[in-house]
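For reference, the structure discussed in these notes is given below.
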Amino acid sequence: MFHVGGARSALFNWVMAAQSGGTLVLRIEDTDASRNSPEWTEGIIRALAWLGMDGEQYEGPYFQSANADKHAEAARTLKEQGRAYYCDCTREAVVARTGDQHKGYDGFCRDRGLEPGPGRALRFRTPDEGQTTVVDLLRGKPVFDNAVLEDFVIARADGSVTFLLANAVDDMSQGITHVVRGEEHLSNAPKQQLLWEALGGEPPVWAHVPVIVNEKRQKLSKRRDKVALEDYRAEGYLAEAMRNYLMLLGWAPSGDREIVPWDVIVDEFRIEDVNSSPAFFDVKKLRAINGEYIRALPEQKFIAECLPFLQEAPFDVDVAVFAELAPLAQTRVALLSEIVQMIDFAFLDEPPQDEQSWTKAMKEPAAAILAAAEAAYRDAPWNAAELKDRLERIGTEHGLKLGKTQAPVRVAATGRTVGLPLFESLEILGRDRTLARIAAARAKLAASS
């Protein structure tokens, strides 16, 4: 699963690299074996490729685990310099000493002189005094008192290093100059800067982008919200629309617009202009933007994008017939997955059964309208204009506008009150099938009266 927040951060990094002539680096941080899987890595790579970032747009992927020797060497260096020490404290022991389960590590092992051994982790000794200033392109210069930074673990008892040390070592060895990541990592920045400085490096430029929240202004959570980029793709969101929308989460282009070509985004985007306030992931807005992108597709591209969804439909689709329906559907779907329900009537032996639509449309004088339509359509030239004209005349005879008149015919032929333009749909459906469906609807009405 690739989180939409991670996707936004990747896009921000991509644009910044493109603007500066730099290189986007894709690094898989896999030092925690319990949280790694080849399938997850492949999922990230596929998701990035869908957004437009394939192997030509970034360097890598690099795997953090491949640098294990460098990480271990850095840990030894810090221990030899007196900047790190071994600790055998359990969390329970810390709580027992401090009397506070929320309080951080109390530095108990700082001067015990422990050597490596079972159950002993390596902790970085944070300075007792002074401050660490983080230069952040969005947040100015947050200042952290060193005295409140606990001595944090940089290597586990089994010798494997933690994210903080591995990240600092890899950034230094790969020449990373800018790090754009989520706001939740801001609290790690002073720790990482202390590691950079202890290892003789100059920290990168930071940019901690705002957290993404749902409609209740809660941070997006995979346990509660739909956050996987793959899920949106499966629903029928276009990559271009998703990319456009994710760039708007915290940033606004010029001209009070939302549909922005990618080359314009690359030209206008400035990380300094990203708002530090939480960004609302508005699914309704995303859906609307996706609809705009769908409508802008060339017709053949729209057909091609729909085919994977139609191949999963519970009925066989004649691609030639679908090509006739496609222009009618393209202006009405906001998600590509909606295409199946939009055109199913043309490929099913009988129209879909929607009781709510039936109840709504089949009120008096529905029976009379259906009878008149069946008679009028029997010898009508079979084109949309003539079919509409004949039904309009039937409506006039009953004192009804076209919208009311066509409702029972629409439900009889397509099964639903809402769908593609009716008369063009009937033209494609054909005379025989249309008349058969109207006759079947009349018989059903008669049986229920």
Side-chain angles (χ1 to χ4, degrees), residues 1 3 5-6 28-37 40 64-65 67-68 71-132 134 142-171 181-199 208 211 218-224:
M1 180 198 81
H3 195 290
I28 306 299
E29 296 177 334
D30 58 346
T31 55
D32 187 347
S34 66
R35 301 178 61 185
N36 295 316
S37 165
W40 297 346
Q64 201 161 53
S65 56
N67 281 342
H71 303 155
E73 181 182 352
R76 285 193 298 270
T77 298
L78 293 172
K79 173 65 171 64
E80 292 168 359
Q81 291 175 347
R83 300 300 303 270
Y85 60 91
Y86 283 99
C87 170
D88 61 2
C89 295
T90 63
R91 182 60 193 160
E92 291 75 15
V94 174
V95 173
R97 285 197 301 269
T98 63
D100 186 348
Q101 63 178 341
H102 302 294
K103 193 171 183 179
Y105 179 66
D106 58 356
F108 180 77
C109 291
R110 271 190 164 196
D111 301 313
R112 293 177 64 196
L114 296 178
E115 293 299 321
R120 294 179 179 179
L122 187 65
R123 289 183 179 272
F124 181 78
R125 182 190 292 266
T126 58
D128 296 323
E129 300 177 343
Q131 297 175 322
T132 297
V134 174
V143 176
F144 298 83
D145 290 327
N146 292 331
V148 301
L149 297 176
E150 69 174 2
D151 292 352
F152 52 93
V153 174
I154 58 175
R156 305 176 185 90
D158 64 4
S160 63
V161 303
T162 63
F163 159 80
L164 290 173
L165 180 58
N167 189 265
V169 171
D170 289 348
D171 280 355
R181 59 186 184 178
E183 176 185 354
E184 61 271 20
H185 291 290
L186 179 59
S187 60
N188 288 330
K191 300 175 183 178
Q192 289 172 285
Q193 285 201 183
L194 288 171
L195 287 170
W196 273 71
E197 292 163 1
L199 293 169
H208 291 89
V211 65
Q218 301 168 319
K219 181 182 175 182
L220 284 188
S221 166
K222 63 181 180 182
R223 292 182 295 274
R224 180 184 55 238

- Query: Is Arg110 reaching over with its side chain to a backbone N or O of Arg125, donor-acceptor style, under 3.5 angstrom?
  - Reply: no

- Query: Would you say the side chain of Leu122 lies within less than 4.5 Å of the side chain of Leu165, judging by non-hydrogen atoms?
  - Reply: no

- Indicate yes or no for a side-chain donor-acceptor contact from Asp158 to the backbone of Ser160 under 3.5 Å, with no hydrogens or angles considered. yes

- Message: I'd like to know if the side chain of Thr162 and the backbone of Val153 have a donor-acceptor N/O pair within less than 3.5 Å.
- Response: yes

- Are Val169 and Glu73 close enough that some pair of their side-chain heavy atoms sits under 4.5 Å apart? no

- Message: Are more than 12 heavy atoms, taken from residues, nucleotides or ligands other than Gln218, located less than 6.0 Å from that residue's CD atom?
- Response: yes

- Backbone N or O of Arg123 within a donor-acceptor pair of the Asp151 side chain at under 3.5 Å? no

- Message: Looking only at side-chain N and O atoms, does Thr132 offer a donor or acceptor that is under 3.5 Å from a partner on Asn146?
- Response: yes

- Quick one: does Thr77's side chain get under 4.5 Å of Arg83's, heavy atoms only? no

- Query: Under 3.5 Å, is there a donor-acceptor pair between the side chain of Arg224 and the main chain of Lys219?
  - Reply: yes

When the side chains of residues 86-99 are checked against the rest of the protein, which donor-acceptor pairs come out under 3.5 Å, sequence neighbours left out?
residue : atom : partner : partner atom : Å
Asp88   : OD1  : Arg112  : NH1          : 2.9
Thr90   : OG1  : Ala93   : N            : 3.1
Arg91   : NH1  : Lys103  : O            : 3.1
Arg91   : NH2  : Gln101  : O            : 2.7
Arg91   : NH2  : Lys103  : O            : 2.7
Arg97   : NE   : Asp106  : OD2          : 2.7
Arg97   : NH2  : Asp106  : OD1          : 3.0
Arg97   : NH2  : Asp106  : OD2          : 3.4
Thr98   : OG1  : Val94   : O            : 3.0
Thr98   : OG1  : Asp100  : N            : 3.3
Thr98   : OG1  : Asp100  : O            : 3.2

- Nearest 0.5 Å, what's the OG1-OH distance between Thr126 and Tyr105? 11.0 Å

